[in-house]
Amino acid sequence: MNNLKMDLSSHGSPVTIIENIASQLECSTLDRKVALYLDEEDELKYLQERFHIPKVKDLPPTNPALVKENDNCIYFAGNSLGLQPKKIKMYLDEELDKWAKMGVHGHFNGKRPWALGDECIVELMANIVGAHKDEIALMNGLTVNLHLLMLSFFKPTSDRYKIFLEAKAFPSDHYAIESQLQCHGLDTEKCMLMIEPRKGEETLRTEDILAVIEKEGDSIAVILFSGVQYYTGQLFDITKITKAGQAKGCFVGFDLAHAVGNVELHLHDWGIDFACWCSYKYLNSGAGGLAGAYIHRKHFQTVKPALIGWWGHEFQSRFLMENKLQLSPGINGFRLSNPPILLVCSLHASLEIFNQTTMKLLRKKSVLLTGYLEYLIKQHFSEDKNDPGKPFVKIITPSNIGERGCQLTLTFSIPIKPLFKELEKRGVACDMREPNALRVAPVPLYNSFCDVHTFIEILGSAMQLHL
Ligand SMILES: *Cc1c(COP(=O)(O)O)cnc(C)c1O
């Protein structure tokens with residue numbers, strides 16, 4: 001068994017690791033023993049206990065006849081809504097008690113003085129996205145932050161007036177950009193420069209993105225891409241896009257909703273101009289949680305907020321109420337209102353868990369976990385040219401590890417709606433998108449290799465029903 005441990009800590013590809021384990025255990029790579037072994041050796045396994053994992057019996061679509069009542073569900077929907085850290089309730093209680101006991105004095109007393117609530121946890125967030133503390137603010141919702149940032153970074157001129165984005169950006173991002181252009185009285189047809197995958201392809205090629213920047217860069221004011229594409233799961237080459245855009249004089253920003261807490265980020269070192277993200281997906285802060293925004297230090301003296309509230313005023317003199325603005329530099333000047341302490345509590349509980357490990361270690365497990373899922377899908381459900389009647393699964397997420405996070409997007413040769421219903425009846429939580437995509441996201445914080453193995457078993461029985 002000692003040899004095996006060596007294999008796991010080495011930098012072998014997921015397939016190599018899986019094959020080595022199976023050969024040492026003298027079983028098939030498809031055997032559940034492999035999953036059990038991987039779980040046993042998982043150094044991050046202890047983190048799972050910090051979360052509430054829903055039971056199958058409590059999920060509304062479950063059919064009790066098809067599940068064991070005390071089993072945990074297979075939760076592969078952390079890309080949509082992360083699970084609840086157990087400590088949230090305690091942290092909420094702390095602040096509710098404080099409010100009950102001391103009322104207004106809570107603003108400047110206790111473990112999380114409300115007036116500084118966001119600032120108490122900002123460093124925990126900075127570690128996750130690879131930025132300096134003063135480059136980040138925790139405020140508002142994601143779409144609000146995107147608007148606030150665009151108001152300052154998108155300053156169209158007669159030569160430079162376009163915004164470059166993905167053709168299938170998340171609706172909120174698409175609408176935000178469209179409405180920003182309309183605020184400036186610009187023609188959205190002419191000013192929204194959107195890139196689509198090549199015909200017959202599902203994801204974007206970096207070379208094609210760079211070619212657009214090269215060709216159109218002089219007329220592009222802002223490049224706004226997602227870090228990880230919500231639908232395909234593609235992780236974009238953030239550094240290459242940033243470098244190419246900035247070389248052409250564009251501002252380059254990223255919506256990191258599906259990247260934060262999922263892949264390693266180094267926003268400062270990569271020199272990204274601005275970014276924003278939500279905290280209820282991989283960051284587990286609960287629906288509508290406190291969002292994040294980032295502006296690189298290089299812009300601290302030059303990029304100012306278009307809209308200002310009292311929280312953008314420097315802390316030292318904020319409460320003198322003299323109405324002579326002393327604006328905090330950078331992103332902190334963009335804060336408008338006093339922070340919502342109850343949202344700070346839930347985010348706090350989650351960020352603490354992330355800070356008990358590192359994104360590097362989480363990512364290492366994630367690569368193996370998703371690699372294992374990919375391997376089993378390919379082994380069980382690939383198209384069989386000799387058996388054209390057999391239903392099959394295609395993975396549209398890039399197979400290259402450097403081009404994806406934990407999510408895989410699957411498409412099916414059979415109608416997906418009835419299949420999805422069968423999965424749900426059996427206690428699988430994942431996400432279906434019309435017309436025929438299933439998005440599954442094994443999350444390294446709380447998902448196990450056995451979860452992946454069970455998912456494959458359930459998927460197999462659901463597909464059998466729809467031959
Ligand atoms: C989840 C998500 C959103 C949601 O926006 P909210 O303002 O948090 O409701 C927006 N954009 C992207 C890319 C997302 O993934």
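Quick note: numbers below take in every heavy atom, side chains included, and nothing from hydrogens, waters or symmetry partners. This structure is a prediction, so every number in the text was calculated from the model and none was measured. As the structure lists them, so they are numbered: ligands from 1, and atoms in each ligand from 1.
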Exercise. Less than 6.0 Å separating the ring centroids of Phe274 and Tyr294?
Worked result: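 Aromatic pair excluded; centres sit 6.0 Å or further apart.
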For this session: Report the C-alpha separation of Arg50 and Glu352 in whole Å, then their side-chain angles, then the decisive distance to 0.1 Å, and conclude whether the salt bridge (Lys or Arg N to Asp or Glu O under 4.0 Å) test is met.
Result: CA-CA 10 Å; Arg50 306 216 182 340; Glu352 269 185 352; over 6 Å; no
For this session: Hey, could you give me each pair passing side chain to side chain donor-acceptor pair (under 3.5 Å) that has a residue in residues 328-340? Not counting sequence neighbours.
Result: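 Listed by first then second residue: Asp118-Arg335, Glu119-Arg335, Asn332-Arg335.
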Exercise. What orientation do His258 and Tyr230 show, parallel under 30°, tilted 30 to 60°, or perpendicular over 60°?
Worked result: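 It falls in the tilted class, 30° to 60°.
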Tabulate distances under 3.5 Å between N/O atoms of ligand 1 and N/O atoms of the protein, writing both atom names on each line.
{"unit_1": "ligand 1", "atom_1": "5 (O)", "unit_2": "Thr143", "atom_2": "OG1", "d": "3.3"}
{"unit_1": "ligand 1", "atom_1": "7 (O)", "unit_2": "Thr143", "atom_2": "N", "d": "2.9"}
{"unit_1": "ligand 1", "atom_1": "7 (O)", "unit_2": "Thr143", "atom_2": "OG1", "d": "2.6"}
{"unit_1": "ligand 1", "atom_1": "8 (O)", "unit_2": "Tyr280", "atom_2": "OH", "d": "2.6"}
{"unit_1": "ligand 1", "atom_1": "11 (N)", "unit_2": "Asp173", "atom_2": "OD1", "d": "2.6"}
{"unit_1": "ligand 1", "atom_1": "11 (N)", "unit_2": "Asp255", "atom_2": "OD2", "d": "3.3"}
{"unit_1": "ligand 1", "atom_1": "15 (O)", "unit_2": "His258", "atom_2": "NE2", "d": "3.2"}
{"unit_1": "ligand 1", "atom_1": "15 (O)", "unit_2": "Lys281", "atom_2": "NZ", "d": "2.5"}

Exercise. Which residues pass the salt bridge (Lys or Arg N to Asp or Glu O under 4.0 Å) test with Glu94, sequence neighbours left out?
Worked result: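 With sequence neighbours excluded, Glu94 shows a salt bridge (Lys or Arg N to Asp or Glu O under 4.0 Å) to Lys111, Arg112, given in chain and number order.
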Problem set entry | Qualifying residues under side chain to side chain donor-acceptor pair (under 3.5 Å), relative to Asn400, sequence neighbours excluded |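 If we apply the side chain to side chain donor-acceptor pair (under 3.5 Å) test to Asn400, skipping adjacent residues, the hits are Glu403.
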